[in-house]
Amino acid sequence: MLFNSFEFLFFFPLVALAYFIMPHKYRWLWLLLCSYYFYMAMQPSLIILLMASTCLDYFCGLKMHEHTDNKIRKRYLWMSIVGNLGMLFFFKYFIFFTESSKSLLHFFGIELFGEGGDHVYVFNKILLPIGISFYTFQTLSYSIDVYRRQVEPLRHFGKYALYVAFFPQLVAGPIERANRLIPQFEKRMTLDLQRIRRGIVLMAWGFFLKLVVADRVGVYVDEVFLDPSVHRGLPLLIGSIFFAFQIYFDFSAYCTIAIGAALVLGFDLMQNFNRPFFVRSFGEFWRKWHISLMQWFRDYLYRPLVRKLNFSRGLAMMFVFFFNGLWHGANWTFIVWGIICGLFFLIEMVTWKFRFKVFKVLRIPVESRGFKVLCNAVVFLGLSFSLIFFRSPTVLHALLYIRNMFSLDSTFINVVHDRTELVLSFMLIILVQVIHFYKGNSKVYELLEIKSPAIRWSIYISFVVIMVLFSVNRQNNFIYFQF
Amino acid sequence: MKRKVLIFLLKVAFLAILLIGVYLLSALKLTKSFVSDDYSKFTHKAGSMILGLSRAHYAMDPQTLEDNLKSVDYAKPFLNFAFEKSQSPYGEVYLEAVKKKIADSVTNGIFILSVTPGSFSVSNRLVNDEDILEFDRQMMIGKVKDLNEDPNLEYVRKCFGRALYKGIFPHEHRLTSVFHSNGWEEFKLEGGGYTITQEDIKFWQKETVEGYTKLAAYIPEYKSSYRMEWFKKTVAYLKTRGRVYILRIPMHPGILALEDGVWPELDTQMEAISSEMNVPYLNYARTGETYQTYDGSHLYSQSAKKLCTEIARTISSNILQ
C-alpha cells in the first residue's frame, strides 16, 4: 500500500483507532497483521520472502545466543548473512550480473547461454520485492548485533516479526536497529493527545512534501530526463538541480510520514535526514543524508574493513560508496553515482589540510557566512551533478545529458509547457528550504504549536485547502520504493 | 480524559470532512471547465464510434460524419473513442471499454476502426499475453471503471495528472486545439492569437519523422499476434452491434515510407481481414497529398473534415447499395 493512496487514508485511522482500543497484550499482534496486510496490498505472494527473512534471523539469533563457542556462533552469523544477501542478490541483482557477465564475455568472444538469451526472459519475470533492500539490511543488523553481543536475541517470535515488518518503515526505512525499536514494543503506549497531534502534523507535512512539492518538481525532471538530446544548457542544468530537490523531498517525505505514523502509535523512529542541503562539506552531507543507511554502512562495513581487515580509510570509504551505489539498484548508473560520490569524498578528505593552508595564505575568511554559502553551493552542485547518473536509465544517457548540459545554446521552448507550474516549483523549493533551515522535518510541528486557537485553526484550514488544490495528482510511487 | 479524546476526534473528523469537501467541490468545478483532451470520451454512452490511436483522435470528426450521414439510419450519438498510442491499442482492455461505451439497445451502429502499425505493436519488454494485458490495464480505459459518468470523478481521481487548482484558474492547453464534446480534438492552424506557418509544419513533420525513427531505436517493438487477434475479436463483436469499417488514415509520405519499412504487409493483412470478416477496408494511406497533416502524422482541421466527408459519402453509398 502506498502512503499516498486513498487506501492508506482509510487504513491508517482504522489501524490507530483499533490499536488504542485494544488491550496492550494484543497490540503487537494487531500491528503485525496490519503490517502484513500493508505489504500484501502491494505484492501478496512476496510476503513469503519477508517471512523467510524473519524466520532465518530469528533462528540464527537464538542459536548464536545459545552457543558460547565462537566458531559455531560465526557459522550462524554466516548463515544469516548468506541467506539475506543471497535473497537480495537473486531478486535484485541476478539479471544485472548475468547480463553484465554476458556482455563482458561477449567482449572476449565467449558466448554465454548461446544466442537469443531466452534465460533473460525467464528471469525478467522475477519481481523485485518491494523494500527488500531495507528489511534485509534491518534483519542483518539484528544478527550482527546479536553476534557481537550488543543486543539480546528476542525470544518472542511475533514481536521479532513485527520488528522486521513494522509497516511505517517496512518498505523504505528508516533502517531501525533492534536495540532502538524492539524495546518500544514492550512499552505500554498511552493515548497521549499531544504526541498524536504531533504525529499527524508530521504525516501532513510529509504528504505536503510528496504531493505538492516533490511530484510537482518531478514533472519538469521527467520531461528533461526523458530525452536529453532535445535540450541544451540551462533547462538541463535546472533539471539536474530539480532532481536533487525532488529526491530529497520525496524520500524525506516518506520518512516524515513513517515517523509521524509511528509517533501516532507511540513509537519513536530515528531521523533519516538532518537538513542535508545546509552543509559545508561532502563528509557532513553524508552524515545528514539517509542517516540510517550510512550508519549501517559505517558500523557493518566501514569499521570492519578498517579495524579487522586493515584497509586504509580512503579505500574503505570507496568500498562503502561503491556498495552504497549498488544498494540503490542493479544498474551501472547507480555504481557510477556511488563512485563519483566516493571520489568527491576522498578528494575532500585528502586535500583538506592543503586547502586550509591555501585559505590561510590567501587570507580567505573560512568562518565567514559568504564562504560557508560558497561551500554549501559547491557541495550541492557536486551532488546534483552526481545525481544525473542516479536518475538516468543508462550511463550513456547520463553522459549525453552532461554533454548537452554544458552546451551554450539553451532554450526553454521544448521544456516549459506550463510556466505557472515552473514558477510554483521554484517558490515551493524556496519555502520548504526556509522551513527546513529553521526547523528541519522533525520539528516542523513546533511551527503549529501556537497558543492562539484562531491562528492555529486558520493555519490548519488553509493547509487542508492548499493540500487539496495544489497536490499533483500523479499517483507516483515514492522513488525509494524501487530499492 | 474521555471528553478530551472525543473533542480531539471531532477536530480530526472536521478536518477530514473539510478535506473531502474541498476535494469534491474542486473536482466538480474542474469537470465544469476543461479537464483534459480525453475527458469527454468518459462522460456518455455512444451509438456509433471511432476507434484507433492519436491519428484517429485528430482526424475523425463525429459531427462532420453525422452531417453527411443524414440519409442513413444508424445509432447516435457518434463518439470519437480513439486515444494516443499508449492508451488504446487493440486488445482485451480496449474491447471491454468499447462494450461499456455502446448503449445497450444499439444494433445499428457505425464503427470505424482506424489501423496503423502502432495499433498492433508491443514493446519488446512485454513478452507474453499476460504482460500485454497487465500493461493495457494501466491505460486510462483500464483504470477507469465507469466510462459513462457525467461528471466523472473517477476519471479526475485516476487520470487527471495535474493539480485541482487548475479547475479554478483555467489551465493552459494547446491554443490551436479545440476539444469537442464528441471526443474529437480539432487542430486548427490559427487560435488564441497564434498562427502556425508552413515553416512550422515543415519543421514539425521533419521532427516527427526523426522522432519516430529514434523511438523505434529507443523502445523496440514487435508485431503482436495478441493485438491482431483482439482486433479481429473487436471487429466480430462490433458486427453484432452494427456495421464495421476498417480505416487507414492519410499521412505524410515520409511517415508512410517509415511504416512501409517496418510493416510492408499491413495493407495486405487488412485486406485479408476485410474479405475474411466481410467488412470494408477504407485505405487512404497513400492520399497524403490530398489531406494535410500538421506534424506528418495527424491531420489538421480542414483536412480532417474533408476526410470525414469523404468517408461519410463512402459509408452511405455502401449502406444504401
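Quick note on labels: first sequence line is chain A, next is B, and so on, each numbered from 1.
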Self-check item: Steps toward side-chain contact (heavy atoms from CB on, under 4.5 Å) verdict (S471(A), L164(B))
Solution: CA-CA 7 Å; S471(A) 292; L164(B) 285 175; over 6 Å; no
Practice problem: Please say which of L424(A), V468(A), V465(A) ends up in a side chain to side chain contact (heavy atoms under 4.5 Å, CB included) with Y165(B). | Solution: L424(A)
Quiz item: Taking the six-membered ring of F8(B) as reference, does the NZ or CZ atom of R197(A) fall below 6.0 Å from its centre and within a 45° cone about the axis?
Solution: no
Quiz item: Are the side chain of N473(A) and the backbone N or O of V156(B) linked by a donor-acceptor pair below 3.5 Å?
Solution: yes
Practice problem: Dump the intermediate steps for side-chain contact (heavy atoms from CB on, under 4.5 Å) on R162(B) and V472(A), then the final yes or no. | Solution: CA-CA 5 Å; R162(B) 312 176 85 179; V472(A) 179; 5.8 Å; no
Quiz item: Got a second to check how far E421(A)'s CD is from K166(B)'s NZ, nearest 0.5 Å?
Solution: 4.5 Å
Quiz item: Among L211(A), V464(A), L17(A), who wins on heavy-atom pairs under 4.5 Å with chain B?
Solution: V464(A)
Practice problem: Side chain from CB out, backbone as N, CA, C, O: work out which of these in V5(B) comes under 4.5 Å of a heavy atom of chain A, or both, or neither. | Solution: both
Self-check item: Residues in residues 452-461 of chain A near chain B [non-hydrogen atoms, under 4.5 Å]
Solution: W457(A), Y460(A), I461(A)
Exercise. Enter the distance from L191(A):CG to K4(B):NZ here, rounded to the nearest 0.5 Å.
Key: 11.5 Å
